[in-house]
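Taking it in order: structure first as C-alpha coordinates, then the write-up.
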Amino acid sequence: MSNFSPEIEVAIARQREEVSRLHGELIRWGLVIWTGGNVSGRVPGADLFVIKPSGVSYDDLAPENMIVCDLDGNVVPGTPGSENSPSSDTAAHAYVYRNMPEVGGVVHTHSTYAVAWAARAEPIPCVITAMADEFGGEIPVGPFAIIGDDSIGRGIVDTLRGHRSRAVLMQNHGPFTIGSSAKDAVKAAVMVEDVARSVHISRQLGDPVALPQEAIDSLFDRYQNVYGQPSTEVAVGGAAGPRGDCADDLRHRDRRRRCRPRRAPLGPGDARHRARVHPHQGRAPRRRPRHRPGLRHVGVGEPLRRPDVDLLGGGHLGGPAGRLRGPPGRHRAPLRCPARDVPCDRGLGDDARLPRLRRGRRTPGPLPHLAEHHDRGRGG
Ligand SMILES: O=C(CO)[C@@H](O)[C@@H](O)COP(=O)(O)O
(Lines give C-alpha, C1' and ligand atoms only; values in the text may rest on other atoms or scores of the structure.)
Protein backbone atom coordinates (compact mmCIF):
# COMPACT_ATOMS: atom_id res chain seq x y z
CA MET A 1 0.00 0.00 0.00
CA SER A 2 1.50 3.41 -0.92
CA ASN A 3 2.06 5.94 1.88
CA PHE A 4 1.61 9.32 0.21
CA SER A 5 0.20 12.36 1.98
CA PRO A 6 -3.51 13.08 1.41
CA GLU A 7 -2.57 16.03 -0.83
CA ILE A 8 -0.40 13.85 -3.05
CA GLU A 9 -3.07 11.16 -3.15
CA VAL A 10 -5.50 13.79 -4.44
CA ALA A 11 -2.97 15.00 -7.01
CA ILE A 12 -2.38 11.43 -8.18
CA ALA A 13 -6.12 10.79 -8.49
CA ARG A 14 -6.51 13.94 -10.58
CA GLN A 15 -3.71 12.89 -12.92
CA ARG A 16 -5.19 9.42 -13.28
CA GLU A 17 -8.51 10.94 -14.39
CA GLU A 18 -6.84 13.43 -16.74
CA VAL A 19 -4.33 11.05 -18.34
CA SER A 20 -7.00 8.38 -18.83
CA ARG A 21 -9.35 10.93 -20.42
CA LEU A 22 -6.65 12.36 -22.69
CA HIS A 23 -5.99 8.99 -24.28
CA GLY A 24 -9.49 9.34 -25.72
CA GLU A 25 -8.35 12.58 -27.37
CA LEU A 26 -5.67 10.69 -29.31
CA ILE A 27 -8.46 8.53 -30.75
CA ARG A 28 -10.78 11.46 -31.37
CA TRP A 29 -8.17 13.34 -33.39
CA GLY A 30 -7.08 10.26 -35.32
CA LEU A 31 -3.53 10.21 -33.96
CA VAL A 32 -3.24 6.53 -33.01
CA ILE A 33 -4.44 3.11 -34.10
CA TRP A 34 -4.85 -0.07 -32.07
CA THR A 35 -2.80 0.38 -28.86
CA GLY A 36 -0.16 2.72 -30.28
CA GLY A 37 0.76 5.96 -28.59
CA ASN A 38 0.80 7.02 -24.98
CA VAL A 39 0.18 9.99 -22.69
CA SER A 40 1.70 10.74 -19.31
CA GLY A 41 1.24 13.52 -16.78
CA ARG A 42 3.51 14.69 -14.00
CA VAL A 43 2.00 14.62 -10.51
CA PRO A 44 2.35 18.20 -9.17
CA GLY A 45 4.30 18.38 -5.91
CA ALA A 46 5.75 14.88 -6.18
CA ASP A 47 8.53 13.12 -8.06
CA LEU A 48 5.93 10.98 -9.79
CA PHE A 49 4.08 10.72 -13.07
CA VAL A 50 1.12 8.73 -14.35
CA ILE A 51 1.23 6.79 -17.62
CA LYS A 52 -0.88 4.21 -19.44
CA PRO A 53 -0.38 0.44 -19.21
CA SER A 54 1.45 -1.05 -22.20
CA GLY A 55 -0.40 -2.61 -25.11
CA VAL A 56 -3.89 -2.27 -23.65
CA SER A 57 -6.92 -1.44 -25.80
CA TYR A 58 -7.99 2.18 -25.55
CA ASP A 59 -11.47 0.86 -24.78
CA ASP A 60 -10.17 -0.56 -21.53
CA LEU A 61 -8.15 2.42 -20.24
CA ALA A 62 -9.52 3.90 -17.04
CA PRO A 63 -8.20 6.04 -14.15
CA GLU A 64 -7.80 3.00 -11.95
CA ASN A 65 -5.52 1.20 -14.40
CA MET A 66 -3.22 4.11 -15.11
CA ILE A 67 0.22 3.44 -13.64
CA VAL A 68 2.08 5.62 -11.14
CA CYS A 69 5.85 5.76 -11.68
CA ASP A 70 8.73 7.56 -10.04
CA LEU A 71 11.02 9.77 -12.13
CA ASP A 72 13.35 6.85 -12.78
CA GLY A 73 10.45 5.14 -14.51
CA ASN A 74 9.91 2.56 -11.75
CA VAL A 75 6.33 1.55 -11.01
CA VAL A 76 5.34 2.52 -7.46
CA PRO A 77 4.38 -0.80 -5.86
CA GLY A 78 1.05 -1.13 -4.13
CA THR A 79 -0.65 1.57 -6.20
CA PRO A 80 -3.73 0.71 -8.31
CA GLY A 81 -2.63 -0.59 -11.73
CA SER A 82 0.86 -1.47 -10.52
CA GLU A 83 0.14 -5.13 -11.29
CA ASN A 84 0.36 -4.21 -15.01
CA SER A 85 3.42 -3.23 -17.08
CA PRO A 86 3.68 0.49 -17.86
CA SER A 87 4.00 1.88 -21.37
CA SER A 88 7.06 0.72 -23.30
CA ASP A 89 7.98 4.42 -23.57
CA THR A 90 8.04 4.91 -19.80
CA ALA A 91 11.83 5.32 -19.72
CA ALA A 92 11.60 8.08 -22.33
CA HIS A 93 8.86 9.94 -20.48
CA ALA A 94 10.80 9.59 -17.19
CA TYR A 95 13.99 10.94 -18.76
CA VAL A 96 12.11 14.04 -19.96
CA TYR A 97 10.57 14.65 -16.53
CA ARG A 98 13.97 14.29 -14.82
CA ASN A 99 15.73 16.66 -17.21
CA MET A 100 13.01 19.23 -17.99
CA PRO A 101 11.38 20.07 -14.64
CA GLU A 102 8.93 22.55 -16.24
CA VAL A 103 7.42 19.83 -18.42
CA GLY A 104 4.09 18.62 -17.04
CA GLY A 105 3.09 16.21 -19.79
CA VAL A 106 4.58 13.99 -22.51
CA VAL A 107 2.80 12.39 -25.47
CA HIS A 108 3.88 9.95 -28.15
CA THR A 109 1.87 9.02 -31.24
CA HIS A 110 2.37 7.41 -34.63
CA SER A 111 0.21 9.96 -36.43
CA THR A 112 0.52 9.44 -40.17
CA TYR A 113 1.89 12.65 -41.60
CA ALA A 114 4.25 13.36 -38.73
CA VAL A 115 5.62 9.82 -39.02
CA ALA A 116 6.08 10.31 -42.78
CA TRP A 117 8.26 13.36 -42.06
CA ALA A 118 10.12 11.41 -39.35
CA ALA A 119 10.81 8.59 -41.81
CA ARG A 120 12.57 11.10 -44.04
CA ALA A 121 14.39 12.63 -41.07
CA GLU A 122 13.37 16.01 -42.41
CA PRO A 123 12.32 18.89 -40.14
CA ILE A 124 8.95 20.41 -41.02
CA PRO A 125 9.74 23.91 -42.30
CA CYS A 126 7.84 26.84 -40.85
CA VAL A 127 5.80 27.90 -43.87
CA ILE A 128 2.35 28.45 -42.27
CA THR A 129 1.26 30.79 -39.51
CA ALA A 130 -0.23 27.89 -37.52
CA MET A 131 3.32 26.55 -37.07
CA ALA A 132 4.64 29.93 -36.00
CA ASP A 133 1.77 30.23 -33.51
CA GLU A 134 2.12 26.80 -31.95
CA PHE A 135 5.76 25.88 -32.42
CA GLY A 136 7.58 29.17 -32.99
CA GLY A 137 9.40 27.82 -36.03
CA GLU A 138 10.27 24.52 -37.67
CA ILE A 139 9.53 21.20 -36.03
CA PRO A 140 12.88 19.51 -35.47
CA VAL A 141 13.99 15.92 -36.01
CA GLY A 142 15.54 13.90 -33.18
CA PRO A 143 18.03 11.05 -33.61
CA PHE A 144 17.11 7.48 -34.45
CA ALA A 145 16.90 5.69 -31.11
CA ILE A 146 15.95 2.15 -30.17
CA ILE A 147 13.31 1.79 -27.49
CA GLY A 148 14.18 0.28 -24.16
CA ASP A 149 16.65 2.63 -22.50
CA ASP A 150 17.19 6.36 -22.09
CA SER A 151 18.15 6.93 -25.74
CA ILE A 152 14.72 8.09 -26.91
CA GLY A 153 14.32 10.36 -23.87
CA ARG A 154 17.80 11.74 -24.33
CA GLY A 155 17.04 12.43 -28.01
CA ILE A 156 13.88 14.31 -27.07
CA VAL A 157 15.61 16.45 -24.43
CA ASP A 158 18.73 17.13 -26.50
CA THR A 159 16.55 18.28 -29.41
CA LEU A 160 13.93 20.31 -27.57
CA ARG A 161 16.11 21.96 -24.92
CA GLY A 162 16.75 25.47 -26.25
CA HIS A 163 14.10 25.00 -28.93
CA ARG A 164 10.69 26.69 -29.06
CA SER A 165 8.96 23.65 -30.48
CA ARG A 166 7.01 21.38 -28.10
CA ALA A 167 7.20 18.61 -30.73
CA VAL A 168 10.09 16.53 -32.02
CA LEU A 169 10.02 14.01 -34.86
CA MET A 170 12.14 11.10 -33.67
CA GLN A 171 13.78 9.77 -36.82
CA ASN A 172 12.21 6.66 -38.34
CA HIS A 173 9.76 6.54 -35.46
CA GLY A 174 7.34 9.40 -34.92
CA PRO A 175 6.37 12.47 -32.89
CA PHE A 176 6.94 13.00 -29.21
CA THR A 177 5.52 16.16 -27.67
CA ILE A 178 5.89 17.94 -24.35
CA GLY A 179 3.77 20.53 -22.61
CA SER A 180 3.16 22.43 -19.40
CA SER A 181 0.48 19.80 -18.70
CA ALA A 182 -0.61 16.50 -20.22
CA LYS A 183 -3.40 18.38 -22.02
CA ASP A 184 -0.89 20.89 -23.43
CA ALA A 185 1.26 18.03 -24.71
CA VAL A 186 -1.80 16.40 -26.32
CA LYS A 187 -2.59 19.71 -28.03
CA ALA A 188 0.94 19.80 -29.42
CA ALA A 189 0.45 16.25 -30.73
CA VAL A 190 -2.80 17.26 -32.44
CA MET A 191 -1.23 20.37 -33.98
CA VAL A 192 1.98 18.68 -35.16
CA GLU A 193 -0.06 16.18 -37.16
CA ASP A 194 -2.21 18.98 -38.60
CA VAL A 195 0.74 21.06 -39.77
CA ALA A 196 2.62 17.98 -41.00
CA ARG A 197 -0.34 17.20 -43.24
CA SER A 198 -0.77 20.80 -44.48
CA VAL A 199 2.90 21.25 -45.33
CA HIS A 200 3.07 17.83 -46.97
CA ILE A 201 0.11 18.66 -49.21
CA SER A 202 1.56 22.07 -49.99
CA ARG A 203 4.76 20.39 -51.14
CA GLN A 204 2.78 18.19 -53.49
CA LEU A 205 1.51 21.33 -55.18
CA GLY A 206 4.75 23.28 -55.41
CA ASP A 207 7.37 25.00 -53.27
CA PRO A 208 6.01 26.40 -50.02
CA VAL A 209 7.21 29.90 -49.14
CA ALA A 210 9.07 30.29 -45.85
CA LEU A 211 7.76 32.80 -43.30
CA PRO A 212 10.15 35.66 -42.40
CA GLN A 213 11.69 35.19 -38.95
CA GLU A 214 10.28 38.43 -37.56
CA ALA A 215 6.79 37.32 -38.56
CA ILE A 216 7.36 33.95 -36.87
CA ASP A 217 8.53 35.69 -33.69
CA SER A 218 5.58 38.04 -33.55
CA LEU A 219 3.04 35.31 -34.34
CA PHE A 220 4.52 33.01 -31.69
CA ASP A 221 4.49 35.78 -29.08
CA ARG A 222 0.89 36.72 -29.82
CA TYR A 223 -0.38 33.17 -29.79
CA GLN A 224 1.53 32.13 -26.68
CA ASN A 225 0.65 35.22 -24.65
CA VAL A 226 -2.50 36.86 -26.00
CA TYR A 227 -4.66 34.36 -27.91
CA GLY A 228 -7.69 32.83 -26.31
CA GLN A 229 -9.28 33.55 -22.95
CA PRO A 230 -7.46 34.43 -19.72
CA SER A 231 -6.67 31.12 -18.12
CA THR A 232 -7.34 30.61 -14.44
CA GLU A 233 -5.62 27.21 -14.48
CA VAL A 234 -2.63 27.02 -12.24
CA ALA A 235 0.28 26.13 -14.45
CA VAL A 236 2.18 22.95 -13.74
CA GLY A 237 5.92 23.52 -13.77
CA GLY A 238 8.56 25.79 -12.33
CA ALA A 239 8.70 29.52 -11.67
CA ALA A 240 8.53 31.89 -14.61
CA GLY A 241 11.69 32.46 -16.53
CA PRO A 242 12.85 34.65 -19.41
CA ARG A 243 11.72 33.70 -22.88
CA GLY A 244 14.15 31.41 -24.57
CA ASP A 245 14.12 27.70 -24.89
CA CYS A 246 11.04 25.57 -24.89
CA ALA A 247 11.28 25.00 -21.15
CA ASP A 248 11.32 28.73 -20.46
CA ASP A 249 8.56 29.25 -23.00
CA LEU A 250 6.43 26.68 -21.19
CA ARG A 251 6.95 28.56 -17.95
CA HIS A 252 6.72 32.04 -19.49
CA ARG A 253 3.59 31.17 -21.43
CA ASP A 254 1.73 29.93 -18.41
CA ARG A 255 2.86 32.83 -16.22
CA ARG A 256 1.70 35.39 -18.78
CA ARG A 257 -1.63 33.65 -19.27
CA ARG A 258 -2.13 33.18 -15.55
CA CYS A 259 -1.36 36.82 -14.73
CA ARG A 260 -3.69 38.35 -17.28
CA PRO A 261 -6.76 39.84 -15.50
CA ARG A 262 -9.91 37.95 -16.31
CA ARG A 263 -12.37 40.07 -18.29
CA ALA A 264 -15.58 40.72 -16.38
CA PRO A 265 -18.63 39.16 -18.04
CA LEU A 266 -20.51 41.41 -20.45
CA GLY A 267 -23.17 43.56 -18.78
CA PRO A 268 -25.83 45.97 -20.20
CA GLY A 269 -23.60 48.98 -19.51
CA ASP A 270 -20.57 47.41 -21.11
CA ALA A 271 -19.55 49.00 -24.43
CA ARG A 272 -18.67 45.57 -25.71
CA HIS A 273 -22.16 44.42 -24.82
CA ARG A 274 -23.77 47.36 -26.61
CA ALA A 275 -21.70 46.64 -29.69
CA ARG A 276 -22.97 43.12 -29.70
CA VAL A 277 -26.61 43.69 -28.80
CA HIS A 278 -28.91 43.55 -31.81
CA PRO A 279 -30.78 46.93 -32.09
CA HIS A 280 -34.15 45.26 -32.51
CA GLN A 281 -33.95 42.41 -30.09
CA GLY A 282 -32.25 43.96 -27.09
CA ARG A 283 -29.99 40.94 -26.84
CA ALA A 284 -26.92 39.61 -28.61
CA PRO A 285 -27.89 38.07 -31.93
CA ARG A 286 -27.63 34.28 -32.09
CA ARG A 287 -24.69 33.43 -34.29
CA ARG A 288 -25.94 30.66 -36.54
CA PRO A 289 -23.65 28.94 -39.07
CA ARG A 290 -24.44 30.17 -42.59
CA HIS A 291 -25.71 27.13 -44.50
CA ARG A 292 -25.63 27.11 -48.29
CA PRO A 293 -27.88 24.48 -49.93
CA GLY A 294 -25.89 21.44 -50.92
CA LEU A 295 -22.89 22.35 -48.75
CA ARG A 296 -22.21 20.71 -45.43
CA HIS A 297 -21.32 23.09 -42.58
CA VAL A 298 -17.78 22.24 -41.54
CA GLY A 299 -16.97 22.76 -37.89
CA VAL A 300 -13.91 24.79 -36.89
CA GLY A 301 -10.86 22.58 -37.21
CA GLU A 302 -12.79 19.91 -39.10
CA PRO A 303 -10.97 18.84 -42.27
CA LEU A 304 -12.64 19.57 -45.59
CA ARG A 305 -12.49 16.01 -46.81
CA ARG A 306 -14.58 13.28 -48.27
CA PRO A 307 -18.30 13.48 -47.58
CA ASP A 308 -19.17 12.81 -44.00
CA VAL A 309 -19.50 9.25 -42.92
CA ASP A 310 -22.35 7.99 -40.83
CA LEU A 311 -20.93 6.98 -37.51
CA LEU A 312 -24.09 5.32 -36.29
CA GLY A 313 -23.25 2.09 -38.05
CA GLY A 314 -19.63 2.30 -36.94
CA GLY A 315 -17.81 -0.43 -35.07
CA HIS A 316 -15.83 -0.03 -31.88
CA LEU A 317 -12.34 1.06 -31.07
CA GLY A 318 -9.48 -1.12 -30.07
CA GLY A 319 -10.13 -4.79 -30.07
CA PRO A 320 -8.70 -7.95 -28.51
CA ALA A 321 -5.41 -6.19 -27.80
CA GLY A 322 -3.61 -6.59 -24.48
CA ARG A 323 -5.96 -7.29 -21.62
CA LEU A 324 -5.41 -5.82 -18.18
CA ARG A 325 -4.48 -8.11 -15.34
CA GLY A 326 -6.82 -7.27 -12.55
CA PRO A 327 -10.34 -8.02 -11.27
CA PRO A 328 -12.12 -10.27 -13.83
CA GLY A 329 -15.22 -9.11 -15.62
CA ARG A 330 -14.20 -5.48 -15.72
CA HIS A 331 -14.87 -4.01 -19.13
CA ARG A 332 -15.48 -0.41 -20.02
CA ALA A 333 -18.03 0.62 -22.59
CA PRO A 334 -16.41 1.31 -25.97
CA LEU A 335 -15.01 4.84 -26.41
CA ARG A 336 -17.65 7.15 -27.79
CA CYS A 337 -17.32 10.40 -29.73
CA PRO A 338 -18.07 12.98 -27.03
CA ALA A 339 -19.91 15.30 -29.37
CA ARG A 340 -22.66 12.83 -30.29
CA ASP A 341 -21.98 9.87 -28.01
CA VAL A 342 -21.72 7.43 -30.92
CA PRO A 343 -19.09 4.72 -31.43
CA CYS A 344 -16.03 6.15 -33.18
CA ASP A 345 -15.17 3.80 -36.02
CA ARG A 346 -11.54 4.14 -37.02
CA GLY A 347 -12.07 2.31 -40.26
CA LEU A 348 -13.87 5.15 -41.96
CA GLY A 349 -10.98 7.48 -42.70
CA ASP A 350 -10.13 10.87 -41.32
CA ASP A 351 -13.69 12.12 -41.09
CA ALA A 352 -14.63 9.23 -38.87
CA ARG A 353 -13.24 10.98 -35.87
CA LEU A 354 -15.59 13.91 -36.10
CA PRO A 355 -19.34 13.38 -35.89
CA ARG A 356 -21.53 14.46 -38.80
CA LEU A 357 -23.36 17.73 -38.11
CA ARG A 358 -27.09 17.42 -38.73
CA ARG A 359 -27.77 19.63 -41.72
CA GLY A 360 -29.32 22.90 -40.60
CA ARG A 361 -29.71 21.90 -36.94
CA ARG A 362 -27.00 22.38 -34.36
CA THR A 363 -26.94 23.65 -30.82
CA PRO A 364 -25.58 27.23 -30.88
CA GLY A 365 -21.95 27.84 -30.03
CA PRO A 366 -18.76 26.01 -30.97
CA LEU A 367 -18.78 22.25 -31.54
CA PRO A 368 -18.95 20.48 -28.15
CA HIS A 369 -15.52 18.93 -28.60
CA LEU A 370 -14.06 22.37 -29.34
CA ALA A 371 -16.08 24.31 -26.76
CA GLU A 372 -13.87 23.08 -23.94
CA HIS A 373 -10.80 24.16 -25.92
CA HIS A 374 -12.25 27.65 -26.60
CA ASP A 375 -13.39 28.04 -23.00
CA ARG A 376 -9.87 27.49 -21.81
CA GLY A 377 -8.10 29.51 -24.44
CA ARG A 378 -5.00 27.51 -25.37
CA GLY A 379 -4.53 24.03 -24.03
CA GLY A 380 -3.31 24.50 -20.50
O1 LIG B 1 6.11 3.40 -30.49
C2 LIG B 1 6.06 2.58 -29.60
C3 LIG B 1 7.20 2.41 -28.71
O4 LIG B 1 8.10 3.49 -28.89
C5 LIG B 1 4.78 1.82 -29.32
O6 LIG B 1 5.02 0.65 -28.78
C7 LIG B 1 3.88 2.79 -28.55
O8 LIG B 1 3.30 3.57 -29.54
C9 LIG B 1 2.79 2.14 -27.72
O10 LIG B 1 3.40 1.39 -26.73
P11 LIG B 1 2.69 1.23 -25.29
O12 LIG B 1 1.34 0.60 -25.52
O13 LIG B 1 2.55 2.59 -24.68
O14 LIG B 1 3.64 0.33 -24.54
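Just follow the structure's listing: the first ligand is 1, and inside any ligand the first atom is 1. Everything numeric here is computed off the predicted structure, so don't read it as measured data.
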[X] heavy atoms, cut-off 4.0 Å: which ligand 1 atoms fall inside?
X	value
His110	1 (O), 2 (C), 5 (C), 8 (O)
Gly36	8 (O), 9 (C)
Lys52	11 (P), 12 (O), 13 (O)
Ser88	3 (C), 6 (O), 10 (O), 11 (P), 13 (O), 14 (O)
Thr35	9 (C), 12 (O)
Gly55	11 (P), 12 (O), 14 (O)
Asp89	2 (C), 3 (C), 4 (O), 7 (C)
His108	1 (O), 2 (C), 4 (O), 8 (O)

May I ask you to decide whether [X] forms a salt bridge with [Y], counting only side-chain N to carboxylate O separations under 4.0 Å?
X	Y	result
Arg14	Glu17	no
Asp150	Arg98	yes
Asp47	Arg42	no
Lys187	Glu134	yes

(request) Tell me which one of Ser54, Pro53, Gly174, Ser85 gets a heavy atom nearest to atom 14 (O) of ligand 1. (result)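 Checking each option, the heavy atom nearest atom 14 (O) of ligand 1 is found in Ser54.
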
(message) Quick test of your reading of the structure: of Ile147, Val32, Ile33, whose heavy atom lies closest to atom 3 (C) of ligand 1?
(response)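 Looking at heavy atoms only, the winner is Ile147.
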
(request) Supply the members, apart from Ile146, of the Ile/Leu/Val/Met/Phe/Trp/Tyr cluster built from side-chain contacts under 4.5 Å; use none for a lone residue. (result)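 Grouped by the 4.5 Å side-chain rule, Phe144 form the rest of the cluster around Ile146.
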
(request) Using the six-membered ring wherever Trp is involved, compare the ring planes of Phe176 and His108 and label them parallel, tilted or perpendicular (cut-offs 30° and 60°). (result)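 Taking His108 first and then Phe176, their aromatic rings lie parallel (interplane angle under 30°).
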
(message) Test of understanding: with side chain to side chain contact (heavy atoms under 4.5 Å, CB included), list the residues that count as partners of Ala132, not counting sequence neighbours.
(response) Cys126, Leu211, Ile216, Leu219

(request) Look at atom 8 (O) of ligand 1 and say which protein heavy atom is nearest, naming residue and atom and giving the distance to 0.1 Å. (result) Gly37 N, 2.8 Å

(message) Students should be able to answer this: which protein heavy-atom is nearest to atom 13 (O) of ligand 1, and at what distance?
(response)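 Of every protein heavy atom, Ser87 OG, 2.7 Å lies nearest to atom 13 (O) of ligand 1.
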
(message) Let me confirm one number: the CZ-CD1 distance from Phe4 to Ile12, rounded to the nearest 0.5 Å.
(response)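 Phe4 CZ to Ile12 CD1: 4.5 Å, rounded to 0.5 Å.
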
